[in-house]
Amino acid sequence: MNKKWIAIATAMVTLVPTLGVQAAMAKSSAPTITLTFSWWGNTTRDKLTEKAIADYEKLHPNVNIVPQFNGSFSDYFRKLTVETAGGSAPDIIQMDYDYISAFATRGALLDMSKLGISTQNIDTSLLNDGKIGGKLYGIPNSINTYALFYNPQLFKKAGIKVTPNTRYTWAQFSNVMTEIHKKLGIYGTDDPEDYQHFEYYVRQKGEPIFGAGQKSVGYPVSTLTNWFTYWNKLRSSGVIPSAAISLSQKMGKANDPFMAAKSASIFYWANLYESLHKMTNEPVKMMLPPTMPGGKEGLYIKPSQFWSISANTKYPKQAAQFVDYLLNNIQANEDLGTDRGIPVSSVVRSVMQKHANAVDKAEFAYFDLAAKTAKTPLGTPPPANNDQALAQVNNIISAVAYGQESPEQGASQTVSEMNSILG
């Protein structure tokens with residue numbers, strides 16, 4: 001056995017229960033414990049997660065994991081909010097960075113720091129992203145970063161040369177997208193004018209997302225005005241879809257211009273890479289998102305999501321054991337793949353990268369590039385009432401996109417609404 005496979009075998013022995021322990025589990029006559037487990041995503045993620053659940057249940061025949069996949073991100077959190085208020089939240093919860101403060105401060109999540117979950121192979125800075133007030137309310141389940149997906153065949157057809165080191169400035173990106181639109185009669189890119197993407201732009205300006213005590217925004221109105229103006233110009237010239245098309249299209253569905261090769265690029269999180277390859281026949285590659293000359297580096301590595309445990313669970317020990325399995329077991333991570341992002345455990349990541357398929361290798365390679373590039377820390381999770389603020393902001397963004405408000409009006413109203421709610 002060569003050194004490579006000795007290392008892999010050693011890691012697997014460390015992370016997977018021994019056969020003796022499995023046999024003992026199979027013989028156990030303890031009563032069945034039922035745990036509910038919820039997440040958002042798509043059919044690809046659902047199938048991958050169900051495979052991980054099935055393999056866990058083989059090792060733990062006295063544990064029954066009931067899956068609760070709840071579709072889109074927004075639908076998921078609407079339902080989770082209602083369930084939490086009614087005391088019927090799932091035992092194990094897929095949690096997001098933008099919402100963890102809101103649920104933690106409402107007493108809905110368990111402090112996971114003393115439940116015996118192994119976190120020694122998780123980067124400390126990433127682990128701290130799940131802490132609120134010194135308590136660990138979420139453990140990152142994978143790592144993620146921002147990316148510009150592009151269709152290399154469409155770029156080539158338009159005469160645009162791209163190398164592994166290509167990274168546009170915002171001005172260059174606008175020019176390239178305009179050229180693609182003129183030459184091919186398709187959209188250059190999508191309309192990424194949601195607030196989450198705007199935050200990447202703010203980081204490049206060297207401005208904080210939130211002000212002191214997170215009671216206000218930390219950037220001036222002019223920064224948001226410039227962002228709205230940039231995308232309004234591309235929208236008015238047909239380089240990006242109209243508001244009606246953007247708001248009606250569904251990411252990864254048949255009416256998505258990028259999926260139908262009617263758009264040459266799209267901004268999104270890198271963990272979507274595997275799913276896009278499964279859902280489309282079009283080639284897909286990634287490059288670093290646009291940068292700002294003379295500005296700060298806006299790229300950062302973040303937890304893709306967190307695993308959290310409900311404060312109302314009847315079985316905190318068993319819920320923690322399942323979370324530990326998802327984080328640290330090789331088979332579990334092979335089941336899950338990279339749909340949620342790159343595995344957060346350095347040991348698991350190392351083993352999986354060595355025998356990854358071509359698609360996963362491309363995603364690992366992009367993360368290696370992003371890790372060398374990313375300079376800014378993610379920072380403290382948003383305040384508890386940020387979800388209320390974002391709901392208002394999304395309405396204003398739509399109004400600007402439809403031309404019902406000017407960039408100046410929309411930016412001023414956004415900052416005013418955000419400050420009112422946050423304060």
TODO: Kindly indicate, with the supporting measurements, whether the criterion salt bridge (charged side-chain N to carboxylate O under 4.0 Å, His left out) is fulfilled by Lys302 and Asp129.
DONE: CA-CA 8 Å; Lys302 71 181 289 288; Asp129 291 335; over 6 Å; no
Quick one: does any side-chain atom of [X] pair with a main-chain N or O of [Y] as donor and acceptor, under 3.5 Å?
X	Y	answer
Asn151	Ala264	no
Tyr137	Ala108	no
Ser236	Lys233	yes
Thr81	Phe77	yes
Glu274	Gly341	no
Asp339	Leu272	no
Gln172	Thr169	yes
Gln204	Pro290	yes
Ser237	Leu234	yes
Ser420	Ser416	no

Task: Greater than 12 external heavy atoms within 6.0 Å of Lys296's NZ - done: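 Open: at most 12 neighbouring heavy atoms sit under 6.0 Å from NZ of Lys296.
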Open item on the list: Is it the case that over 12 heavy atoms from other parts of the model lie below 6.0 angstrom from the NZ atom of Lys47?
Closed with: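 Incorrect, the count does not exceed 12.
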So do the side chains of [X] and [Y] get within less than 4.5 Å of each other, counting heavy atoms only?
X	Y	value
Val217	Ile209	no
Glu207	Pro220	yes
Leu154	Phe258	no
Thr380	Gln214	yes
Asp98	Pro382	yes
Asp75	Asn70	no
Asn64	Ile33	no
Phe198	Thr223	yes

TODO: Run through Glu405, Met418, Glu408 and flag the one making a side-chain contact (heavy atoms from CB on, under 4.5 Å) with Gln413.
DONE: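 That would be Glu405; it is the only one of Glu405, Met418, Glu408 passing the side-chain contact (heavy atoms from CB on, under 4.5 Å) with Gln413.
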Open item on the list: Applying the side-chain contact (heavy atoms from CB on, under 4.5 Å) criterion to Phe37, which one of Asp91, Ile93, Ile53 satisfies it?
Closed with: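 For Phe37, the side-chain contact (heavy atoms from CB on, under 4.5 Å) check succeeds only for Ile53.
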Open item on the list: If we count only N and O atoms by modelled type, under 3.5 Å, do the side chains of Ser310 and Thr313 hold a donor and an acceptor together?
Closed with: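 Thr313 and Ser310 do not have a side-chain donor-acceptor pair below 3.5 Å.
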Any carboxylate oxygen within less than 4.0 angstrom of a Lys/Arg side-chain nitrogen, looking at [X] and [Y]?
X	Y	result
Asp335	Lys51	yes
Glu199	Arg203	no
Glu297	Arg167	yes

Open item on the list: Between Phe155 and Tyr150, is the ring pair (Phe, Tyr, Trp, His ring centres under 6.0 Å) condition met? List the steps.
Closed with: CA-CA 8 Å; Phe155 270 59; Tyr150 69 99; 5.1 Å; yes
Open item on the list: Minimum heavy-atom separation for Ser216 and Leu422, please, with both atom names.
Closed with: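 For Ser216 versus Leu422, the nearest heavy atoms are C-CD1, 3.8 Å.
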- [ ] State, to 0.1 Å, how close Tyr187 and Ile240 come at their nearest heavy-atom pair, and which atoms those are.
- [x]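 Closest approach of Tyr187 to Ile240, heavy atoms only: CD2-C, 3.6 Å.
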TODO: Describe, in one word, how the ring planes of Tyr268 and His197 are oriented to each other, choosing from parallel (under 30°), tilted (30 to 60°) and perpendicular (over 60°).
DONE: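 Judged by the thresholds at 30° and 60°, the geometry between Tyr268 and His197 is perpendicular.
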Open item on the list: Parallel, tilted or perpendicular, judged at 30° and 60°: which one describes the rings of Trp40 and Phe73?
Closed with: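 It falls in the perpendicular class, over 60°.
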Starting at [atom1] of [X], measure out to [atom2] of [Y] and round the result to the nearest 0.5 Å.
X	Y	atom1	atom2	answer
Thr105	Asn385	OG1	CG	8.5 Å
Thr414	Glu417	OG1	CD	8.0 Å
Asn141	Ser304	CG	OG	6.0 Å
Ser38	Ile92	OG	CD1	8.5 Å
Ile139	Ile309	CD1	CD1	7.5 Å
Ser345	Leu327	OG	CG	8.0 Å

State yes or no: are the ring centers of [X] and [Y] separated by less than 6.0 Å?
X	Y	result
Tyr219	Tyr201	no
Phe364	Phe367	no
Trp307	Trp39	no
Phe149	Trp269	no

- [ ] Decide side-chain hydrogen bond (donor to acceptor under 3.5 Å, both in side chains) for Glu57 and Asn62; before the verdict, give the C-alpha distance in whole Å, the side-chain angles of both, and the deciding distance to 0.1 Å.
- [x] CA-CA 8 Å; Glu57 290 178 335; Asn62 300 117; over 6 Å; no
Task: Worked verdict on Asn232 versus Arg235 for side-chain hydrogen bond (donor to acceptor under 3.5 Å, both in side chains) - done: CA-CA 5 Å; Asn232 256 17; Arg235 188 182 298 107; 2.5 Å; yes
Let me have the donor-acceptor pairs involving side chains of residues 314-324, under 3.5 Å, with sequence neighbours excluded, atom names and distances please.
| from | atom 1 | to | atom 2 | distance (Å) |
| --- | --- | --- | --- | --- |
| Asp324 | OD2 | Ser118 | N | 2.7 |
| Asp324 | OD2 | Asn328 | ND2 | 3.4 |

Open item on the list: Can you list everything that forms a ring pair (Phe, Tyr, Trp, His ring centres under 6.0 Å) with Phe173? Sequence neighbours excluded, please.
Closed with: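 Ring pair (Phe, Tyr, Trp, His ring centres under 6.0 Å) list for Phe173, sorted by chain: Phe267.
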